[in-house]
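Quick caveat, the model's predicted, so the values are computed rather than measured. Every heavy atom of this structure was used, including side-chain atoms; hydrogens, water molecules and symmetry mates were not. We count residues from 1, following the sequence as given.
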Amino acid sequence: TDSYATVTDTDGEEVFRYWMPDEEDKIAVENLQAKYPTAMPYFFTQDPDYVTVKERVAKHTVTGEEAEGVATIGVAVETLRVAEYLTPLLMEQLK
């Protein structure tokens, strides 16, 4: 599925738009869909990132070196704490 994000200036004028997947990614997605027709399409756009994460975690498993750019359980727990703190505050602002 296509999705996009925009950046606007203080006047609300769009100054940048990012589309996902881009044209290069669309070709990769088509190739992966042909190779894995029963897989969920969402995974195809994220495939390069999954490969990177798997390689870093595998290397960590073998060498014990830090898996650069991969969140630890500690980071995940702290992130959930922040989310739990912010959720009621943000929900209140949406009222």
Side-chain angles (χ1 to χ4, degrees):
T1 7
D2 288 355
S3 60
Y4 68 92
T6 59
V7 176
T8 56
D9 62 19
T10 55
D11 296 323
E13 296 295 317
E14 184 177 310
V15 295
F16 179 77
R17 179 179 293 243
Y18 175 79
W19 286 92
M20 183 182 165
D22 62 19
E23 292 306 314
E24 185 179 318
D25 289 339
K26 286 181 182 181
I27 293 168
V29 166
E30 289 174 10
N31 292 335
L32 289 167
Q33 284 176 324
K35 189 173 181 179
Y36 305 105
T38 59
M40 295 297 291
Y42 166 79
F43 294 114
F44 299 142
T45 57
Q46 304 299 319
D47 184 66
D49 297 324
Y50 291 140
V51 169
T52 299
V53 168
K54 288 187 284 185
E55 288 174 348
R56 290 177 181 180
V57 170
K59 182 179 178 183
H60 165 74
T61 303
V62 172
T63 66
E65 294 176 28
E66 179 180 341
E68 180 186 346
V70 179
T72 64
I73 294 297
V75 168
V77 168
E78 290 304 313
T79 302
L80 287 173
R81 285 187 179 140
V82 170
E84 288 174 348
Y85 170 78
L86 289 175
T87 297
L89 299 174
L90 296 172
M91 295 301 290
E92 185 63 32
Q93 290 181 15
L94 291 173
K95 289 182 180 179

Checklist entry - Do Val7 and Tyr18 share a hydrophobic cluster, counting only Ile, Leu, Val, Met, Phe, Trp and Tyr and linking them when any side-chain heavy atoms are less than 4.5 Å apart? => result yes

Next on the checklist: Apply side-chain contact (heavy atoms from CB on, under 4.5 Å) to residues Thr45 and Val29 and explain how you reach the verdict.
Outcome noted: CA-CA 6 Å; Thr45 57; Val29 166; 3.7 Å; yes

Checklist entry - To the nearest 0.5 Å, what is the distance between CG (Leu86) and CE (Met91)? => result 12.5 Å

Anything under 3.5 Å between a donor and an acceptor, one on a side chain of residues 54-64, the other on a protein residue two or more places apart or in another chain? List them.
residue	atom	partner	partner atom	Å
Arg56	NH1	Glu68	O	2.7
His60	ND1	Glu65	O	2.7
Thr61	OG1	Val57	O	2.8
Thr63	OG1	Lys59	O	2.8
Thr63	OG1	Glu65	N	3.1

Next on the checklist: Tell me whether Glu66 at atom CD has more than 12 heavy atoms from other residues, nucleotides or ligands lying less than 6.0 Å away.
Outcome noted: no

Checklist entry - Do any N or O atoms from the side chain of Asp22 and from the backbone of Glu24 form a donor-acceptor pair under 3.5 angstrom? => result yes

Checklist entry - Between Phe43 and Tyr36, is a side-chain contact (heavy atoms from CB on, under 4.5 Å) present by the stated rule, with each step listed? => result CA-CA 11 Å; Phe43 294 114; Tyr36 305 105; over 6 Å; no

Checklist entry - Does the salt bridge (charged side-chain N to carboxylate O under 4.0 Å, His left out) test come out yes or no for Arg81 and Glu84, once each step is laid out? => result CA-CA 5 Å; Arg81 285 187 179 140; Glu84 288 174 348; over 6 Å; no

Item to check | Close side-chain approach of Leu32 to Asp47, heavy-atom, < 4.5 Å | outcome: yes

Checklist entry - Going from CD on Glu78 to CD1 on Ile73, what distance comes out if it is rounded to the nearest 0.5 angstrom? => result 12.5 Å

Checklist entry - Is Thr52 reaching over with its side chain to a backbone N or O of Pro48, donor-acceptor style, under 3.5 angstrom? => result yes

Checklist entry - About how many Å separate CZ of Phe16 and OG1 of Thr8, when rounded to the nearest 0.5 Å? => result 13.0 Å

Checklist entry - Out of curiosity, does Leu80 fall in the hydrophobic cluster containing Val77 (side-chain heavy atoms, cut-off under 4.5 Å, transitive links)? => result no

Next on the checklist: Apply side-chain contact (heavy atoms from CB on, under 4.5 Å) to residues Met20 and Tyr4 and explain how you reach the verdict.
Outcome noted: CA-CA 6 Å; Met20 183 182 165; Tyr4 68 92; over 6 Å; no

